[in-house]
There are 2 protein chains.
Amino acid sequence: MTEAVSRPTLEAVAARAGVSRATVSRVVNGAGGVREPLAERVRQAVAELGYVPNQAARSLVTKRHQAVAVVIAEPETRVFADPFFALQLRGISKELTAQDNQLVLLLIEGRDDHARVARYLAGGHVDGALVFSLHLDDPLPGLIQGASVPTVFGGRPGWGAGTGRTRAQGPGVVYVDCDNRGGARAAVRHLVGLGRGRVAHITGALDQTSAVDRLDGYRDVMGEVPGGYDSRLLAESDFTPAGGERAMRELLDRCPDLDAVFAANDLTALGALRVLRERGRRVPVDVALIGFDDMLSVAEQTDPPLTTVRQDIEEMGRLMARLLLQVLSGGRAQDTPEAPAGSTAPAAPDAGLILPTKLVRRASA
Amino acid sequence: MTEAVSRPTLEAVAARAGVSRATVSRVVNGAGGVREPLAERVRQAVAELGYVPNQAARSLVTKRHQAVAVVIAEPETRVFADPFFALQLRGISKELTAQDNQLVLLLIEGRDDHARVARYLAGGHVDGALVFSLHLDDPLPGLIQGASVPTVFGGRPGWGAGTGRTRAQGPGVVYVDCDNRGGARAAVRHLVGLGRGRVAHITGALDQTSAVDRLDGYRDVMGEVPGGYDSRLLAESDFTPAGGERAMRELLDRCPDLDAVFAANDLTALGALRVLRERGRRVPVDVALIGFDDMLSVAEQTDPPLTTVRQDIEEMGRLMARLLLQVLSGGRAQDTPEAPAGSTAPAAPDAGLILPTKLVRRASA
DNA sequence: GTGAAAGCGCTAACAC
DNA sequence: GTGTTAGCGCTTTCAC
């Protein structure tokens, strides 16, 4: 390993440019108020010495770290089985990078990890946090509140809505989500519009709001069509292919007359598709099938290719980061950043930014 | 957003415990040499005040950051299409966490990102770096060398081997890889052992050493069997399903008599499988097929399930982190950490740690 | 506009 | 053993 020679300091730059440390600091931080010839000399010295500010020293006085924690709380392997997580990360990374912030990744694997992460966040090592994959019973929100770290959630947090737990942070909570309910409605409406009368739904893991919201969307539409809603057409699952298979078998056994399925996500649809084929049901002729997510590696690869509801995952990540940085720089969360056309920022009480979804027609419905 | 009240300092703890700052520091850092009753009083004060050391202040004097950068240089979407990346990350995260280090994620998307990352690494913001997905023409190694940051590579770096570029860092380079060549040999031997005489190979992207090594393994075995090696049985591809399809078509057109295929990875095998089915070749009856990686979400889900070469991706990540931390704490890279049984640490010139692979038999071969 | 000087919170000599 | 003290490299009043 090469010997790490000590890097040049502000002092060194000042000496070389023949000015004071204060002046160098001003130039480096673009504070202005420095006459051009001087500034130029400083820039020159910086370049010659290859000066890079010492972030630790800077943080010590500014109390800012230019760093944001990304907390992924997914003990299960699910997150790792689909590119969801990677895409969000990519969006986040882009935005943070653009605003010169670093991304500190905190993965939560086991139960004790919660304490560790909470301690880290409370330790004031980062300026803010981006938190994902919350389940209804997740202790994280409480811990985060205790740490009093500015936070933006990915996906509408479950508490405050359902169970009676820590709902203290109800209003004031900032999150970014896609229009799960609207997307589900669009999917089911499409199936109904195709003339399908017996539309089933395989839910996601119902301890996550995305699953609940998609189920609600399904109910919205099925409730409208005469004789549409039938609880036997509902099978609870967990967002996985295996879960999709199980649920599809169950549905087929219970309601052999079903002629369409709206699956909570593409992975679930994949499982359902396998069972449908196995049982000799043709898709979409006998049974029309729609997924959710538009995970290209799945939806485009199935046979037939999957009709599904697209959400812009990378954009969600980017928006989360943008929102957080905005909060950090003193902006109110409500002042939504240039939200993409079609997204919704409900007035109150939560500061949620909802991205639009879009039905993508392929061959399965 | 809750007001972030200023955290208690060493000073405050010292005052409360009625000792000096130095003593508190000793206790907090487990330096020893503090009499028990005193130490206990300090611990008490720490607990009561909820004291957490200020990492910035600490770094400023120790020049250590307890942070490691993970650099993922994959402009293409490939990394995001498979769980490889997530698994490595998980292994890395576990090890870093266990040793109380943070993970700073640096994603490289475009060409200018290289400069940014290089600047960051050179800035001395992290103690070391873990670098992935290097292609032969990647400028990163050179930049990293310039930054003189202790680094461990994921996968054998390509330079120094093939092209005449920056091979300066040849010896001294530390990396972790799996036994690509050995795994490939095992796969091809298995096919040959099955009585297949016309074994084709679909390569990965040949600007990555993993692809080259697997190809070498294939050649090793085919060179041994009489009349085995035939360059027409080789199709170059890129580790993707689409690439696998293309290559499989090409092979089938060129050598209709082939009776086995070794694909460079599972994704490629997936594409090949589709084409084989489309062309009416039964797997494994007519054509035996083997992949590489044992990516469960692929290998277990295909029809028939894929025989493949398993590598322990998470373990690779964990090992990379362990190696780096060891180097950072002054250990020589050669003193390989408790390497899992079966792994190899070549004496010289590179300090590479090679993890074993294992053939996993399923139904496709 | 520019410089001098006072810390930010911590560790590590060095005294005692 | 324990306390005292001198910085680590930077930003930021406050004079000039």
Side-chain angles (χ1 to χ4, degrees), chain A residues 4-46 49-67 100 122-127 329, chain B residues 4-46 49-67 100 122-127 329:
Chain A
V5 284
S6 64
R7 329 198 154 284
T9 68
L10 243 206
E11 182 86 54
V13 177
R16 177 157 197 125
V19 299
S20 73
R21 278 157 41 205
T23 300
V24 178
S25 177
R26 285 178 190 119
V27 173
V28 168
N29 296 298
V34 176
R35 252 188 279 267
E36 197 37 52
L38 257 203
E40 186 48 37
R41 246 165 57 209
V42 170
R43 272 185 234 108
Q44 179 103 14
V46 165
L49 264 39
Y51 169 74
V52 181
N54 179 323
Q55 182 61 46
R58 182 180 274 172
S59 294
L60 191 53
V61 28
T62 60
K63 271 106 173 60
R64 278 276 270 139
H65 301 266
Q66 303 284 77
D100 210 50
H125 303 294
V126 289
D127 300 324
S329 62
Chain B
V5 283
S6 65
R7 326 199 156 286
T9 69
L10 243 206
E11 181 86 54
V13 177
R16 177 159 197 125
V19 298
S20 75
R21 276 159 39 206
T23 299
V24 178
S25 177
R26 286 180 190 116
V27 174
V28 168
N29 296 298
V34 177
R35 250 188 281 266
E36 197 38 52
L38 257 204
E40 185 48 38
R41 245 164 59 208
V42 171
R43 272 184 235 107
Q44 179 103 18
V46 165
L49 264 39
Y51 170 74
V52 180
N54 179 324
Q55 181 62 44
R58 183 180 274 171
S59 294
L60 190 53
V61 30
T62 60
K63 271 109 172 59
R64 278 276 272 137
H65 301 268
Q66 303 283 75
D100 210 49
H125 303 295
V126 289
D127 300 324
S329 63

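Chain identifiers are assigned alphabetically (A, B, ...) following the order of the sequence lines, protein sequences preceding nucleic acid strands; residue numbering begins at 1 within each chain. Everything numeric in this text was worked out from a predicted model, so none of it was measured.
For the pair A:His65 NE2 and D:dC10 C1', the computed distance is 14 Å after rounding to whole Å. What separates CD of B:Glu36 from P of D:dT2 is a distance of 10 Å, to the nearest Å.
Within the structure, every side-chain polar atom (N or O) of B:Asn54 is placed at least 4.0 Å from both OP1 and OP2 of C:dC8. Using a 4.0 Å cut-off, no side-chain N or O of A:Arg35 falls inside it from OP1 or OP2 of C:dG1. Of the side-chain N and O atoms in A:Thr62, none sit less than 4.0 angstrom from OP1 or OP2 of D:dT11. Between B:Thr23 and D:dT2, a side-chain N or O to OP1/OP2 separation shorter than 4.0 Å is absent. Contact check, A:Lys63 against D:dT11: no side-chain N or O comes under 4.0 Å of OP1 or OP2.
In plain terms, the two heavy atoms of B:Tyr51 and B:Val28 that are nearest each other are CE2-CG2, 4.1 Å. Contact between A:Gln55 and A:Arg64 at its shortest, heavy atoms only, is NE2-O, 3.9 Å.
Within 4.0 Å of B:Thr9, counting heavy atoms only, lie sugar-phosphate atoms of the nucleic acid but no base atom.
No hydrogens or angles were tested; on distance alone, nothing pairs the side chain of B:Arg7 with the base of C:dG9 as donor and acceptor under 3.5 Å. For B:Arg21 against C:dT11, a side-chain N or O and a base N or O form a donor-acceptor pair under 3.5 Å.
Nearest-nucleotide positions on DNA chain C place B:Val52 closer to the 5' end than the other of B:Arg26 and B:Val52.
In this structure, CZ on B:Arg16 lies 12.5 Å from CZ on B:Arg41, to the nearest 0.5 angstrom.
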